[in-house]
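Beneath this line is the structure, given in structure tokens, with notes to follow.
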Amino acid sequence: MAITPISGRVRPAQRLTLTDDVYESLKTLIMEHAIEPGERVSIDGLARTLEVSPTPVREALARLESDGLVRKRAMSGYTTTPLLTRTEFDELFEMRLLLETAAARRAAGHADAEQRRRVREEAAATVAVEAGDGYRRHAAFTALDARFHGLVAEVSGSGLLRESIIRLHSHLHLHRLYFPSAGTGDTVGEHKRIATAIAKGDADAAATAMHQHLTSARDRHLPAFPA
């Protein structure tokens, strides 16, 4: 397994927060394609790179497997998950349109005053992501985007719906697919329209705004695939 050097972005893990530090370091390597999609992962090699024992590397890989970023196969160890194919991409957005449009509709009808305030605040938060470059900046934006969608799902009042949306791990898969050319596009404005509709208790407008946002997001990601 060859790891592409990333100056200043991967460092030896800090001992006091070993497991989390190793997890974040490996996640950076995978998300930034320093470990290529579909590549075999060497536990011993990563342990040497991060200057830790193999144990926290194994623990981190188990977490990354639950994130959908690596796969474990009997007798062959871990490999990084391949990037989405066009078919998988289309299926992902088909599911998102079904689940998240329903979540937005429910959220408009179920949200209390405090939840409406939180949704508005989360919608506005992405505009503040300016510092850093490359993976760090885009990762921060991706995290806020995921948090907004997760909050809408939470406010929907359906635990099953929320869990289904979170388990898609769509923000991680799309980040890897589109990085490093992805920009924020019109995401902030689209989030604000969703939040405004939820705050007003307008279920139809919330569902429409979410549907339009996801459709636009799908179109923004299409350049990642060959014509």
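Index from 1, following the sequence. From a predicted model like this one, the values you see are computed outputs, not experimental measurements.
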How far does [atom1] of [X] sit from [atom2] of [Y], to the nearest 0.5 angstrom?
X	Y	atom1	atom2	answer
R58	K72	CZ	NZ	9.0 Å
D202	T196	CG	OG1	10.5 Å
R176	T81	CZ	OG1	5.5 Å
S170	L177	OG	CG	12.0 Å
L50	L26	CG	CG	5.5 Å
E36	I30	CD	CD1	11.5 Å

Are [X] and [Y] close enough for a salt bridge, meaning some N to O gap below 4.0 Å?
X	Y	value
D44	R48	no
R117	E121	yes
E154	R147	no
E94	R218	no

Identify, with sequence neighbours excluded, every residue that meets side chain to side chain contact (heavy atoms under 4.5 Å, CB included) alongside [X].
X	value
T79	R40, R71
T87	T85, E91
E163	R167

Polar side-chain atom of S66 near backbone of R63 as donor-acceptor pair, under 3.5 Å: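 Yes: the side chain of S66 pairs with the backbone of R63.
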Side-chain donor/acceptor of S156 to backbone N/O of R106, under 3.5 Å: no
Derivation of the side-chain contact (heavy atoms from CB on, under 4.5 Å) call for D90 and R86: CA-CA 6 Å; D90 289 339; R86 177 58 192 271; 3.0 Å; yes
Derivation of the side-chain contact (heavy atoms from CB on, under 4.5 Å) call for L174 and R96: CA-CA 12 Å; L174 295 175; R96 291 191 72 185; 3.7 Å; yes
By ring pair (Phe, Tyr, Trp, His ring centres under 6.0 Å) - contacts of H213 (at least two apart): H149, H191
Donor-acceptor side-chain pairing of E59 and T19 below 3.5 angstrom: yes
Side-chain H-bond candidate by donor/acceptor type, H175 with T142, under 3.5 Å: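 Result is yes, a qualifying pair exists.
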Closest approach of [X] and [Y], non-hydrogen atoms and distance?
X	Y	answer
P37	P82	CB-CA, 4.1 Å
D112	Q115	OD1-N, 2.8 Å
G201	R116	CA-NH2, 4.4 Å
A124	K192	CA-CE, 4.2 Å
A153	A103	CA-CB, 4.1 Å
A108	A206	CB-CB, 4.0 Å

side-chain contact (heavy atoms from CB on, under 4.5 Å) assessment of L46 paired with V52: CA-CA 8 Å; L46 287 170; V52 297; over 6 Å; no
Single-linkage hydrophobic cluster Y23~L18, side-chain heavy atoms < 4.5 angstrom: yes
Verify same cluster id: L172, I166 (apolar side-chain graph, 4.5 Å):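 Result: no, two separate clusters.
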Pairs meeting criterion ring-ring contact (aromatic ring centres under 6.0 Å, His included) with involvement of residues 55-92, two or more places apart: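 Sorted result for residues 55-92: F89-F93, F89-F225.
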Chi angles and distances behind the salt bridge (Lys or Arg N to Asp or Glu O under 4.0 Å) call for K27, E24: CA-CA 5 Å; K27 187 175 179 182; E24 291 297 337; 5.1 Å; no
Residues L69, T80; criterion side-chain contact (heavy atoms from CB on, under 4.5 Å); working and verdict: CA-CA 6 Å; L69 293 178; T80 53; over 6 Å; no
Aromatic ring pairing H171/H169, orientation class (parallel under 30°, perpendicular over 60°, tilted between): tilted
Residues that, via side-chain heavy atoms closer than 4.5 angstrom, fall in one hydrophobic cluster with L97: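 Cluster partners of L97: V119, F148, L151, V152, V155, I194, I198, M210, L214.
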